[in-house]
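To start, the structure under review is shown below, and the notes come after it.
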Amino acid sequence: MKCIKQLAVGWIILMNITGSALSQSAQMIEFDYAFFAFDEMESLMEIYFSFESLITVDPDTFIENVVAMPINISLLSSSEMGQSGNKNQFENLGDQRPSIFIQDTVATHSDRMFVHKYSVTAPPGGYELNLNLFISDEDSVHYAKVIDIPDFNYHQRIVTSDIILADAILESYDGCDMIEKNGYSILPNVNQVFDKDSQILSYYAEVYAPDSTVSHDREYSIHVYVRDANGTTPIDGLEQRMNRQTYPADVITGSFDVSLISTGSYALIVSVLDLNLVEVAQNSRKFFVFNPLIQISESVLNEESNGIDLSIYAQMTQAQIDIELEQVLVIATYQESKRIKQLKDLDERRSFLKDLWEVRDPIPDTEINEFRVEFINRVSYANDSFSFQQIEGWKTDRGITLMKYGHPTTIESHLYERLTKPYQIWKYNTISGETDAEFVFADMNGFGHLELLHSTVLGEQKLYDWFQKITETH
């Protein structure tokens, strides 16, 4: 049976979907999104989902090879988020629940991963994206994020789309696990983490040229490279240049082998240059590489290790070590915090980090310290989501809460209420010793920075009249 490329959005009930199956699968869903040009009035938003097998399908009840995803999608324009007086509101997507095509029942084994895309067009502007994961009939996980859908119709200059980072991009491959786009089949890397199982970073982007440029039949250059997340210089061997003919829309693809770079955060840069090699447009995408067993040079082994386990810590510079030590203070015990302040030389710092993570390694027999990977992912997410002016996201109250307790079970968002300051309530049912834990964050100064006002968790900040505080001065 051929793979269906376009799926109708709907909710198809399979008799053998159970609450327990959804509970397990919903926690394994990850998503990402990217924006592209569509027409003169609207832009295209693509949402990518990656998830483990949702259910075990009984062949006798397998309904037309279509399985429902336990997810609800809605997109609200700024006029629908508490703003009044705007009659040209973008229509709320409402109860849109994507379905996926599975080629056969063998594909539903528990270790199988699926990738799915959901697309929507909307006028440029501010929106709130809401995703609800249905764990059971009584429980769901809610995620909300304020987004800006860009306008690609500048007409006066070249612009670029967002960048899709992928595990594979193939030409005209009809594969059910891949997403078809402009003659390419793409397998997005939804969490932007590349490790021993995904060592080739593939990328997809689009370049849009104004009519005046195209009419003159001009050329331009593309410079694509990987750099350290906080650096500016391309990494040796991870750099590509190509000359392109101008078209109203041009597709740029390529790949890099990231198996030989050390564990850390990086950025892929797509830069557009004119005939004088002057940059006229640029876009970037952050990603994380986890290579714990990368070969360390002999000079590093002799000069820096000094008996320390030859691992990722021996490869890290003093700046990287110091940053990680500052970050782990968020989760360190009282004794560990005291010890961190007493550390002197670089080897002591490396040795301490090694011991700290080893104590927290949930599965010591594996090569990867799953707890450290999760912590680093939380830091990266916090920086991408909560950074404010010159404050890195992991240093904000929401970032610190995320690093300590993980992603909340539910986010109750009240960012556009008329009678209160913007606020969110993060709810957890996963914190040991706490039942229905809550964290209340509010924008008290009106600058978009949410600070922690109150938490029900023992040892966290308390402000029992927090609701009065966010209403009395509004």
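Counting begins at 1 with the first residue of the sequence. Here the structure is a predicted model, which means the values were calculated and not measured.
Checking side-chain atoms of Asp443 against main-chain N and O of Gly448 turns up a donor-acceptor pair under 3.5 Å. Side-chain atoms of Thr409 come within 3.5 Å of backbone atoms of Asn429 as a donor-acceptor pair (strictly under, hydrogens ignored). Judged by distance alone, with hydrogens and angles left aside, the side-chain atoms of Arg378 form a donor-acceptor pair with the main-chain N or O of Met403 at under 3.5 Å. Side-chain atoms of Asn276 never come within 3.5 Å of backbone atoms of Val278 as a donor-acceptor pair (strictly under, hydrogens ignored). Not a single donor-acceptor pair under 3.5 Å links the side chain of Ser43 to the backbone N or O of Ala37. Side chain of Ser387 to main chain of Gly393: a donor-acceptor pair is present (N/O by atom type, distance under 3.5 Å, no hydrogens or angles). At least one donor-acceptor pair closer than 3.5 Å links the side chain of Thr401 to the backbone N or O of Asp397.
A donor atom on one side chain and an acceptor atom on the other are found under 3.5 Å apart for Asn182 and Tyr204. Residues Asp32 and Gln192 have side chains that bring a donor and an acceptor to within less than 3.5 angstrom of each other. For the residue pair Ser271/Glu279, the side-chain donor-acceptor check at 3.5 Å is satisfied. Side-chain atoms of Gln245 and Asp250 form no donor-acceptor pair, as typed in the model, at a separation below 3.5 Å. For the residue pair Tyr203 and Gln240, a side-chain donor N or O sits within less than 3.5 Å of a side-chain acceptor on the partner. If you check the side chains of Glu180 and Ser185, you find a donor sitting under 3.5 Å from an acceptor. Side-chain contact, Thr121 with Glu42: a donor N or O sits under 3.5 Å from an acceptor N or O. A donor and an acceptor atom, one from each side chain of Gln320 and Asp322, are nowhere located under 3.5 Å apart.
Using a 4.5 Å heavy-atom cutoff, the side chains of Phe49 and Ile73 are in contact. When side chains are defined from C-beta on, Glu46 counts as touching Leu44, because their heavy atoms get closer than 4.5 Å. Side-chain atoms of Gln327 and Phe375, non-hydrogen and from C-beta on, do get closer than 4.5 Å to each other. You'll find the side chain of Trp357 reaches within 4.5 Å of the side chain of Val328, heavy atoms only. Side chains of Tyr220 and Leu273 form no contact here, defined as non-hydrogen atoms less than 4.5 Å apart. Val373 has its side chain out of reach of Phe288: every pair of non-hydrogen atoms, C-beta onward, lies at least 4.5 Å apart. Contact annotation: the side chain of Ile222 approaches that of Val207 to within less than 4.5 Å [non-hydrogen atoms, C-beta and beyond]. Using a 4.5 Å cut-off on side-chain heavy atoms (C-beta onward), Glu370 and Ile363 make contact.
Between Arg244 and Glu219 there is no salt bridge, since none of the side-chain N atoms of the basic residue sits less than 4.0 Å from a carboxylate O of the acidic one. Ion pair Asp162/Arg285 not flagged as a salt bridge, since none of the NZ, NE, NH1 or NH2 atoms sits closer than 4.0 Å to an Asp/Glu carboxylate oxygen. Using a cut-off of 4.0 Å between Lys/Arg side-chain N and Asp/Glu carboxylate O, Glu239 and Arg241 are scored as salt-bridged.
At most 12 heavy atoms of other shown residues, nucleotides or ligands fall within 6.0 angstrom of atom CG in Asp236. More than 12 heavy atoms of other residues, nucleotides or ligands shown are found within 6.0 angstrom of CE on Met242.
Between atom CZ of residue Phe38 and atom CD1 of residue Ile149 there is a gap of 12.5 Å, rounded to the nearest 0.5 Å. The line from OH of Tyr405 to CD1 of Ile400 is 11.0 Å long, rounded to the nearest 0.5 Å. Here the CH2 atom belonging to Trp394 is positioned 8.5 Å from the CG atom belonging to Asn383, to the nearest 0.5 angstrom. Interatomic distance, OG of Ser255 versus CD1 of Ile200, reported as 6.0 Å (0.5 Å rounding). Between the OG1 atom of Thr396 and the CD1 atom of Ile391 there is a distance of 8.0 Å, given to the nearest 0.5 Å. Rounding to the nearest 0.5 Å places CG of Leu450 at 6.5 Å from CG of Leu415.
Nearest heavy-atom pair, Ile147 versus Tyr33, reported as atom, atom and distance to 0.1 Å: CG2-OH, 3.4 Å. Across Ser161 and Phe152, no two heavy atoms sit closer than the pair CA-CE2, 3.8 Å. The two residues Asn243 and Ser221 come nearest to each other via the heavy atoms OD1-OG, 2.9 Å. Arg227 and Thr233 get closest at one heavy-atom pair: CB-O, 3.4 Å.
Note on ring orientation: taking the six-membered ring where Trp is involved, the planes of His223 and Tyr225 are tilted (angle from 30° to 60°). Below 30°, between 30° and 60°, or above 60°: for His407 and Tyr381 the angle between ring planes is above 60°, a perpendicular geometry. Ring planes of Phe386 and Trp426: tilted class, angle from 30 to 60°.
Relative to the ring axis of Phe388, Lys395 does not place its NZ or CZ within 45° and under 6.0 Å from the centre.
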Yes or no on ring-ring contact (aromatic ring centres under 6.0 Å, His included) for Phe194 and Phe287, after CA distance, side-chain angles and deciding distance?
CA-CA 8 Å; Phe194 293 84; Phe287 63 95; 5.8 Å; yes
Determine, step by step, whether Arg372 and Glu324 satisfy the salt bridge (charged side-chain N to carboxylate O under 4.0 Å, His left out) criterion, reporting the C-alpha distance in whole Å, the side-chain angles of both residues, the deciding distance to 0.1 Å, and the verdict.
CA-CA 11 Å; Arg372 183 174 184 269; Glu324 188 159 326; 2.9 Å; yes
Assess whether ring-ring contact (aromatic ring centres under 6.0 Å, His included) is satisfied between Phe439 and Tyr428, documenting all intermediate values.
CA-CA 9 Å; Phe439 292 80; Tyr428 290 83; 5.6 Å; yes
